[in-house]
There are 2 protein chains.
Amino acid sequence: MILAAENDATTLSDRVFETLCSAIVEGDIPAGSKISEPDLAKKLQVSRASLREAIGRLEACHLVTRKPNVGARVVELDGEQLLEIYHVREALEGMAARLAARHMTEQEIDALRSLASEHSRQIEQDQSDDFQQVGDLDFHFLIVQGSHNSRLINLLCDDLYHLVRMYRHQFGMTSQRTQPALAEHRAIVDVIAAGDGEMAELMMRRHVRASRENLERMLQQAERFE
Amino acid sequence: MILAAENDATTLSDRVFETLCSAIVEGDIPAGSKISEPDLAKKLQVSRASLREAIGRLEACHLVTRKPNVGARVVELDGEQLLEIYHVREALEGMAARLAARHMTEQEIDALRSLASEHSRQIEQDQSDDFQQVGDLDFHFLIVQGSHNSRLINLLCDDLYHLVRMYRHQFGMTSQRTQPALAEHRAIVDVIAAGDGEMAELMMRRHVRASRENLERMLQQAERFE
DNA sequence: TCAAGAAATATTGTCGACAATTTATGACTC
DNA sequence: GAGTCATAAATTGTCGACAATATTTCTTGA
């Protein structure tokens with residue numbers, strides 16, 4: 001674990017936060033594990049105060065849970081909690097798509113189309129893992145940015161997407177939904193480009209709901225084997 | 001400003017957070033004002049470390065904005081930002097109403113009906129200020145709790161509603177929408193009780209959207225006088 | 001061997017101090 | 001009076017230390 005790079009407008013605790021956020025999302029600090037302030041402060045060569053500030057921020061984006069006088073633990077999402085997140089995503093991303101249809105610039109739409117094309121290329125070259133791990137969320141990320149609603153962007157990109165990324169890293173994506181998802185992405189781009197907010201919302205919600213239902217099926221199958 | 005009461009499962013910084021959260025929402029620390037750590041630590045008789053942890057949490061719920069090496073300032077919401085919040089509310093509260101129609105218990109529904117009745121009584125007795133300042137949000141709060149989606153509850157109740165409360169405290173509510181809003185509340189209760197999630201969502205979204213449009217009109221009138 | 005209690009150890013929360021950065025003040029010039 | 005620069009003062013970020021709390025280890029008795 002290497003401390004994130006210095007940068008003009010950041011504090012040491014910002015850098016510790018970035019470092020830990022990545023380490024948690026990527027599984028270097030495993031879900032469920034207890035965070036030892038002295039150990040981590042020593043490993044990162046910072047004082048506990050900076051570390052505590054970073055841990056507070058990790059708590060704010062729900063990557064750790066914290067208990068008074070006990071400390072922080074990396075979150076473990078059970079199936080129920082994942083489904084909760086997908087309900088919230090459906091609502092927020094539906095609204096994001098509606099607002100994107102109204103606010104997205106030509107440049108942003110071009111970037112979105114390019115990304116969807118890149119994803120097609122990846123899938124044709126049997127790189128569908130890249131799409132599922134990272135690319136899918138990149139697509140969603142661009143649409144949320146295109147909403148031009150800073151509150152929406154903050155809720156999704158600074159909070160929920162960390163958790164989604166962590167979950168994907170932890171469990172992989174074995175969804176068999178790649179081709180349909182990509183087709184849905186393309187259709188969403190088209191209606192956003194056409195400025196049809198209502199249809200964009202409907203299609204995005206359907207898209208996220210399909211992922212949720214897929215997850216529900218997977219969770220039910222997992223229960224059957226336990 | 002009196003430090004919030006001690007309680008088994010809280011730390012001093014939790015108590016500082018509660019104290020400051022209330023002080024900001026209620027305007028005791030005015031919007032836009034710079035937060036001086038030394039002054040505030042002295043006033044509350046705590047060390048700067050506990051105060052900084054509390055300020056970090058205020059930042060997480062967007063009640064303050066923070067800049068490295070400059071410090072924290074109580075947020076000032078302009079009209080644009082308020083409208084952003086209302087778009088997010090529409091999405092999240094629509095979903096909350098849908099989920100509430102599925103998950104709310106009989107007891108919860110009874111409590112919701114009681115609250116709506118209490119609000120009618122207040123309005124008949126010319127206490128409509130109470131409804132607009134506090135009661136309206138209490139109603140929404142109960143529905144969000146009734147969604148039984150902890151992520152949704154967290155986003156709205158631990159984050160956005162602080163800001164909404166702050167805004168209402170700052171600007172008052174002069175909306176002329178009291179009677180229509182209450183009728184909408186009652187109708188929403190009925191469809192939730194009937195278990196009709198889709199209609200609950202539609203009606204809740206319409207309700208929040210009407211508030212947003214009302215706010216838009218007020219903002220346009222305010223611009224006209226500037 | 002196991003369970004309960006006490007003691008030791010480690011960790012978390014808070015403290016005040018120091019270093020780095022920003023802001024306020026004063027002096028000078030035009 | 002306004003603008004610029006240098007200096008002083010204040011504030012913010014980080015540090016290590018201490019107090020409070022939790023966890024681990026050890027001891028004792030059944």
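A, B, ... follow the sequence lines: proteins, then strands. Residue 1 opens every chain. Worth knowing before you read on, the calculation uses all heavy atoms, side chains too, and leaves out hydrogens, waters and symmetry mates.
Between the side chains of A/Ser150 and B/Glu84, at least one donor N or O sits under 3.5 Å from an acceptor N or O. Side-chain contact check for A/His148 and A/Glu108: at least one donor-acceptor pair (N or O, by modelled atom type) lies under 3.5 Å. Between the side chains of A/Glu53 and A/Ser50, no donor-acceptor pair of N or O atoms lies under 3.5 Å. Side-chain atoms of B/His207 and B/His185 include a donor-acceptor pair closer than 3.5 Å. With 3.5 Å as the limit, one finds no donor-acceptor pair spanning the side chains of A/Ser211 and A/Asn214. There is a side-chain donor-acceptor pair under 3.5 Å between B/His62 and A/Asn154.
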Tell me, for nucleotides 12-24 of chain C in 5' to 3' order, what letter each nucleotide earns: B for a base near a protein heavy atom under 4.0 Å, S for only sugar-phosphate near one, - for neither? BBBB-B---SSS-
Heavy-atom protein contacts under 4.0 Å, nucleotides 5-10 of chain D, coded B base, S sugar-phosphate only, - none: ------
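Of all heavy-atom pairs between A/Thr11 and B/Pro68, the closest is CG2-CB, 3.7 Å.
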